There are 2 protein chains.
Amino acid sequence: MSEGVEWGLHCCVTLAWLGDEEPVPAARLAERFQLPPAYLNKCLQALGRAGILTSTPGARGGFRLARAPERITLLDLVTAIEGPEEAFRCTEIRQRCAEANPASREFLRPCAIAAAMHKAELAWRKELAAQTLADLSAAAPRSARDAALRWFGRGEND
Amino acid sequence: MSEGVEWGLHCCVTLAWLGDEEPVPAARLAERFQLPPAYLNKCLQALGRAGILTSTPGARGGFRLARAPERITLLDLVTAIEGPEEAFRCTEIRQRCAEANPASREFLRPCAIAAAMHKAELAWRKELAAQTLADLSAAAPRSARDAALRWFGRGEND
DNA sequence: CCGAATCTGGATAAATATCATCCAGGATGC
DNA sequence: GCATCCTGGATGATATTTATCCAGATTCGG
Ligand code: SF4
Ligand code: SF4
């Protein structure tokens with residue numbers, strides 16, 4: 001799984017803590033986590049395209065959550081970064097069997113192997129969809145949240 | 001996910017169909033699915049090390065299932081090929097926070113993010129562990145099994 | 001005992017995906 | 001106007017996956 005998922009999760013949790021009063025520049029988030037600014041920006045762009053973040057260009061611009069943390073699931077986030085493809089990609093090696101008969105109808109329906117892997121993938125997605133950003137930010141210790149607020153200079157007004 | 005998982009699944013289902021009367025050479029399995037023989041062999045070796053297949057060297061040697069298909073789960077197979085690491089690897093970017101305080105005990109316990117991703121991974125593994133090779137070979141259409149038996153020249157005695 | 005078949009495992013190379021940087025363009029606020 | 005900041009494409013570096021090859025070791029059949 002791409003490293004950007006971890007980055008995106010941390011950034012989103014942080015944005016949830018900060019509230020969406022004013023956007024946070026990508027460079028500032030990168031600085032916070034000591035991540036490569038340009039590449040983190042690419043990840044945040046992906047989250048923007050997925051409708052998880054909204055971006056405002058220009059001075060005093062940046063990123064903020066596009067909707068309430070309660071309505072952003074981990075599945076949304078993972079899908080935005082990793083893409084919608086399943087982990088198990090079937091390459092249809094079955095059809096390459098030496099005596100494969102193209103006329104056979106058997107190859108049209110998904111086989112048991114693909115179905116089994118798909119079922120497991122669904123269980124994974126379901127679990128991710130059951131957890132929201134709000135859960136994450138609530139589960140973190142208060143001290144972590146306070147530290148983030150302080151670091152971003154929002155300690156007093158929130 | 002590595003392509004070898006699909007190969008391994010197909011090979012194991014086929015081996016389950018063929019029974020373990022006599023082993024099947026890797027080259028023959030590769031021929032069956034039109035896969036690169038040398039690389040497929042590497043995958044089968046991994047299954048061997050994981051205790052899913054047993055290999056017999058020498059003439060008339062090859063691979064066979066190490067135990068009954070009912071006792072080989074998809075999780076066994078996937079883990080053997082993909083390795084035991086979880087998809088989500090935490091790189092502890094939290095500790096890189098600008099004001100990270102090494103003395104803080106907060107960094108010792110796993111954070112909410114890692115816990116959430118781990119929970120989803122467990123759901124995936126659980127689903128994989130619930131399905132066995134026997135389920136797969138039973139779910140496949142009879143014609144597929146018959147074709148495999150015929151192709152391997154085992155149509156008469158099984 | 002000999003030779004063909006077959007696995008083992010390490011070295012190596014090719015192909016691909018991931019990670020990272022850079023830059024020109026456009027938008028926004030001061 | 002100018003500094004800030006996002007956008008998106010091009011490009012390069014690095015890591016992983018895929019694939020090949022070869023020198024042993026083992027077994028079988030004759
Ligand atoms: S038989 Fe199933 S797993 Fe194999 S190639 Fe076809 S769909 Fe994929
Ligand atoms: S806070 Fe959680 S997800 Fe982030 S680096 Fe630490 S353990 Fe990993």
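Since this is a predicted model, take the numbers as computed values, not measurements. Below, read A as the first sequence line, B as the second, and so on, with proteins coming before strands; counting in each chain starts at 1.
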- Check step by step if side chain to side chain contact (heavy atoms under 4.5 Å, CB included) holds for B:L74 and B:L136. CA-CA 9 Å; B:L74 296 204; B:L136 284 193; 3.7 Å; yes
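- Between A:F63 atom CZ and D:dT4 atom C1' the separation is 14 Å, expressed in whole Å.
- The listed nucleotides are D:dC28, C:dG26, C:dC7; the one nearest the side chain of A:P57 is C:dG26.
- Between A:E6 atom CD and C:dT18 atom P the separation is 17 Å, expressed in whole Å.
- Set against D:dC6, D:dC28, C:dT28, the side chain of B:A59 has D:dC28 as its closest nucleotide.
- Distance, A:N41 CG to D:dT7 C1': 8 Å, rounded to whole Å.
- Donor-acceptor pairing under 3.5 Å is lacking for the side chains of A:D146 and A:S143.
- One finds a salt bridge joining A:R154 and A:E22 here, because a Lys/Arg side-chain nitrogen approaches an Asp/Glu carboxylate oxygen to under 4.0 Å.
- Going from atom CD of B:Q45 over to atom C1' of D:dA25 covers 13 Å, rounded to whole Å.
- Residue A:A27 is classed as having no contact, given no heavy-atom separation below 4.0 Å to the nucleic acid.
- Taking 4.0 angstrom as the limit, B:S55 places a side-chain polar atom (N or O) nearer than this to OP1 or OP2 of C:dT8.
- Atom pair B:L44:CG and D:dT18:P shows a separation of 15 Å (rounding to whole Å applied).
- Scanning both residues, B:M117 and A:V5, for their nearest heavy atoms gives CE-CG1, 4.4 Å.
- Note on B:R49: only backbone sugar-phosphate atoms sit closer than 4.0 angstrom, heavy atoms only; bases stay farther off.
- A straight line from CG of B:L53 to P of C:dT6 spans 17 Å, rounded to a whole angstrom.
- Geometric assessment of B:R125 against the ring of A:W124 yields a negative cation-pi assignment under the 6.0 Å and 45° thresholds.
- A straight line from CD of B:E82 to P of D:dT18 spans 8 Å, rounded to a whole angstrom.
- Nearest-nucleotide mapping onto DNA chain D: of A:A26 and B:M1, the residue sitting toward the 5' end is A:A26.
- Atom CG in B:L47 sits about 16 Å away from atom C1' in C:dG9, given to the nearest Å.
- Ion pairing of B:D20 with B:R67 is absent here, as no side-chain N (NZ or NE/NH1/NH2) approaches a carboxylate O to less than 4.0 Å.
- Looking at B:T91 and A:E6, their side chains do bring a donor and an acceptor atom within 3.5 Å of each other.
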I'd like a list of close polar pairs between nucleotides 19-24 of chain D and the protein, N/O only, cut-off under 3.5 Å.
none

